[in-house]
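Because only heavy atoms are used, hydrogens play no part in the values below, and waters and symmetry mates are left out as well, while side chains stay in. Chain A is the first sequence line, chain B the second, and so forth, proteins listed ahead of strands; every chain is numbered from 1.
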Amino acid sequence: MDGFPILSLLTFLPVLGMVIILFLKKEQEKEIKYTALIVTGLQVILAAILLGNYDYSMAGINDVNSFQFVEKFRWIEVTGLSWLGTLKVDYFMGVDGISVPMVLLTAIVSFIATISSWKIPKALKGYFALFLLLDTGMMGVFVSLDFFLFYVFWELMLLPMYFLIGIWGGPRKEYAAIKFFLYTLVGSVFMLLVMIGLYFSATETLADGTQAFTFNLLALMNQANYTATGILSPYNPENWRFVAYIALFVGFAIKVPMFPFHTWLPDAHVEAPTPISVILAGVLLKMGTYGLLRISYPIFPDVTRELMWGIALFGMINIVYGAFVALAQKDFKKLIAYSSVSHMGYVLLGMASLSSAGINGAVFQMFNHGTITAMLFLIVGVLYDRTHTRGLNDFGGLAATLPRYTGFVTVAFFAAIGLPSMSGFISEALVFVGAFGVETTRTLAMISTLGILLGAAYMLWTLQRVFFGKLNEKWADITDLDTRELIMFIPLTIIIIFLGVYPSFMLDIMSTSVNSLVEIVTTSFSNITVSGL
Amino acid sequence: MDMTNLSELVGLLTPEISVSLFLVAIVIFDLIFNKDKKILPFIALAGVAVTLFFVVSQYGEIAEPIKSGMITVDKFGLYFKVLILISTVFVIFFTLSSDEIKASADRLGEYYTLMFGMMLGMFMLVTATDLILIYLSLELLSLSSYVLAGFTKLRSRSSEAALKYILYGAVSSGLMLFGISLIYGLTGSTNLYAINDYLLSSNGNVVILALASVMIFAGIGYKISAAPFHFWTPDVYEGAPITITAYLSVASKAAGFAMLVRILYIGYVSVSDATGHWTVIEAFDWQMLLIVISIFTMTLGNFTALWQDNLKRMLAYSSIAHAGYLLLGVLVLSNQGLIAVLIYFFFYMLMNLGAFYIVMLIANKTGSENINEYDGLGYTSPFLGVALTICLISLTGLPPTAGFIGKLYIFIALVDAKMIAVAVIALLNSVVSLYYYVRVLKHMFLTKATETTPVVKASSFEKIVLLALVIPILVFGVYFEPIINFAKNSLAGFGL
């Protein structure tokens, strides 16, 4: 695999597809759809090749030599600024055990979402062009190792997402789209400030021996690279690291979405078309927690250690609050949206423990939540396509008319509840093992278990209201899943059950890197004092 | 200035002389080809091309700034001349497809003459280092623009615009002149270098200095439409022909900023240290003044733009907000900030001209700039829709567009100067700006066209002009090295 730019290919293949689609005529709907399908299909194959060649024993995180499939080129270089030294930005990509699961998730969810987009009613050309652009943005975020590049990909997703919700969405689409846009932008402007602050705080030695400020994430993780007076440098007694951490955390937390920044999510989900909800819940939310693990944790381990209780607290609030709100929903899609808020809380809780089990659980939960929630949103979409309603009380007894559908629903619901033998169980268990094992987060973890109980309550209650009981005669004629829909559900079901009985398949990929991350976040940047507030 | 220096001086002034000669040529050709004015734009374009040649060759020749009496020829000024020339080319192209201007085609001679008059004023303005010459160039620029703002004189809002422009202009230039006279009384000179020497060496009367400086800033603030001297901007931008609005919002503003930077960085600072940071003279802390003005300007511009239904007016307020961001680059007192100003202007030129051009094309067809005319534009004319989207996204400052790089450099300069609070305010401002830019996108893509909405189709010429603006926005968004190098070279030796 030496020298083969697999990560660039993974990232920019969708852009190629987008260009092809833009050259097709509006009427060539079939060609447009198949182009998108082939591109996302190729992405899955490439991701599989990546996994096949991935060396499980290399850690990555802060060591460029143990990153894999690395591509590093000088992108921008302005030399001879006498007052600043060299300004440079690298095109720097690579994967480790934290990014590989996310790359796999992105490829799989995008592929399934493409199939789910098959019956988009209008303006197919624009839809798939934007969809593929979004795909590039997501993949780019998960493979970038340069903060500048990361930020560009991060922002690249905003516009396509705005249009995808705003044009193809439901009745209140305009409101939901602009709300999503504004919330995310507020988050990313804070990220931008921290990025610039970090840039001025650390230097990297270039090939010619000169020192230059850097956006390189790996260089920023090394305490030795920081300058004496940089605004975010640990050596500067008046540094702003604490404030910067909070700003960055807010930027990522909006994406997660963490309470109290979660209010954009239900709106966006309810209004977005099904495939976009799938992408949103399946991949986009993970970027928030991924950003925390990739950037906040290893660059600010000192502040992370100080604030682990706070992160766990917000995780706990997400779990319990999300579950309570879900319990009160009358709209199927809103219920799933709030269950997402609750389930992302587990990720935060696991991360907060700073323990190997907890972070393994968190990364695993990110993957599992991606697949399970994708399936849940597909389930809602299938029902909505047929009945044009999502009211939980409008149904009843569907199990009798839709046996196959109900079967998949049961799998997905039990996976969401965290039933043993389903993937969700393993990751949630690991999260709790991690969080119980650490003194700081123990109490919060105990409260969080309430979320499991509530999760079972709203899921089972929904199952009962929609699928069991007396059949609502209005829906006596609706049809069961067709082949296309089976193609969406079967792979996800297989993944959920396979990872439930054989979790090491995924855990082995991430564990080396996670252990290294735990080591970094618990030990590095330790001989300094945090100040700034 | 004796005769031996004359030839040398002529050599320094080749761009200005070229502009003047072509100005005369336009007048003559206008008289000869009385009936058919089709040739005039080509003479104008030739004038721009010849002048560009002189500017570029001068840029290649001079290494150190050349001070000669009232002017200083340096790469900093030449950078702005390049910007002014590029925007002039585009504005001439815009004019070719503007129905507004075609309606008064018999007066095209005046139009191009005055445009060259503006250009001459701007050229002098970016070169002058003497307050008297600065004032004179400013007046030349202003007088030409007053007439151009009212060029479509049969339309009442155009005349209203011109009148408002003159009234505000007269007051602020009067103030500026008074300020200059105070400075002269205080320092005994109108030359910026001499003023600087005086301010560094002796403790003048601080009250008078402050008063004079604020008055001079009133004149500059008027030209760059910084609050609270911005009141003319929305009315004039709305009333003037769009070609002129575009020209005022880019070229004239660029010249104003160049003048501001010269006055501040030559007159009011002690020289820069090795790290590229400048120190403000102790007598007058204009930095604080500018911080207040800048924040006020961008906040007011952005928040007022939120309520505008007329796109020209909205872009006027957005350009006020951008003046606020640009001021940030000036007030940080570092070369980093000056680079940010230079590249920001380059990108701002592309995106602002692009946006105004599309507004003009739509107004050609519909006769209105109301936001409702844009309903469904993304479907009836995808090309214009996408192009306008790119311009607006760039104005918001989102990657991967050039506008992001401009903003990034402004914020880099702010963080470098440790002005975190100001940076936060500016960033939150750009979030606010997103709302009104996206509002246009909403009308273009999320709202369906009504049956009465006319379908706007761009001709291939118009498409090419637009592509010439939009493609660089995207290219410089991912590969901005050339522009930064250009700006960096232009700053070499500045202020020495």
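Contacts of Tyr183(A) with chain B are absent, with no heavy-atom separation under 4.5 Å from either backbone or side chain. Ile167(A) touches chain B through backbone and side chain together, each having a heavy atom under 4.5 Å away. Of the two parts of Val432(B), neither the backbone nor the side chain holds a non-hydrogen atom closer than 4.5 Å to a non-hydrogen atom of chain A. Heavy-atom distances place no part of Ile483(B) under 4.5 Å from chain A, backbone and side chain included. Only the side chain of Leu192(A) has a heavy atom closer than 4.5 Å to any heavy atom of chain B. Using a 4.5 Å cut-off between heavy atoms, Phe153(A) makes no contact with chain B at all.
The minimum heavy-atom distance linking Gly166(A) with Leu446(B) is given by the pair O-CG, 3.1 Å. Minimum interatomic distance between Val415(B) and Gly197(A) (heavy atoms only, all atoms of both residues): CG1-CA, 3.9 Å. Of all non-hydrogen atoms in Ile412(B) and Ile196(A), the two that sit nearest each other are CA-CG2, 3.6 Å. Residues Trp75(A) and Glu481(B) come closest through the heavy atom pair O-OE1, 3.7 Å.
No more than 12 heavy atoms of other residues, nucleotides or ligands sit less than 6.0 Å from atom NZ of Lys25(A). Within 6.0 Å of NZ in Lys418(B) there are more than 12 heavy atoms belonging to other residues, nucleotides or ligands.
Taking the side chain as every heavy atom from C-beta outward, Val189(A) and Ser430(B) approach each other to under 4.5 Å.
From Ile420(B), atom CD1 reaches atom CH2 of Trp240(A) across 5.5 Å, with rounding to the nearest 0.5 Å. Taken from CD in Glu174(A) to NE2 in His443(B), the straight-line distance is 8.0 Å, to the nearest 0.5 Å. Once rounded to the nearest 0.5 Å, the distance linking OG1 of Thr389(B) with OH of Tyr162(A) reads 10.0 Å.
For the set Leu398(B), Leu414(B), Thr447(B), Leu428(B), the entry with the most heavy-atom pairs within less than 4.5 Å of chain A is Leu398(B). Chain A forms the most heavy-atom pairs under 4.5 Å with one residue out of Val478(B), Leu441(B), Ile393(B), and that residue is Val478(B). For the set Leu182(A), Leu158(A), Ile231(A), the entry with the most heavy-atom pairs within less than 4.5 Å of chain B is Leu182(A).
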Practice task
Starting from the C-alpha separation in whole Å, work towards a yes-or-no answer on side chain to side chain contact (heavy atoms under 4.5 Å, CB included) for Met195(A) and Leu408(B).
Solution key: CA-CA 10 Å; Met195(A) 178 176 106; Leu408(B) 177 75; 3.9 Å; yes
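Aromatic rings of Tyr151(A) and Phe404(B) (six-membered ring for Trp) have centroids within the 6.0 Å cut-off, being under it.
Contacts from residues 378-386 of chain B to chain A, taken as heavy-atom pairs separated by less than 4.5 Å, involve Tyr379(B) in sequence order.
Under the side chain to side chain contact (heavy atoms under 4.5 Å, CB included) test applied with Leu185(A), the options Val438(B), Leu427(B), Val431(B) reduce to a single match, Val431(B).
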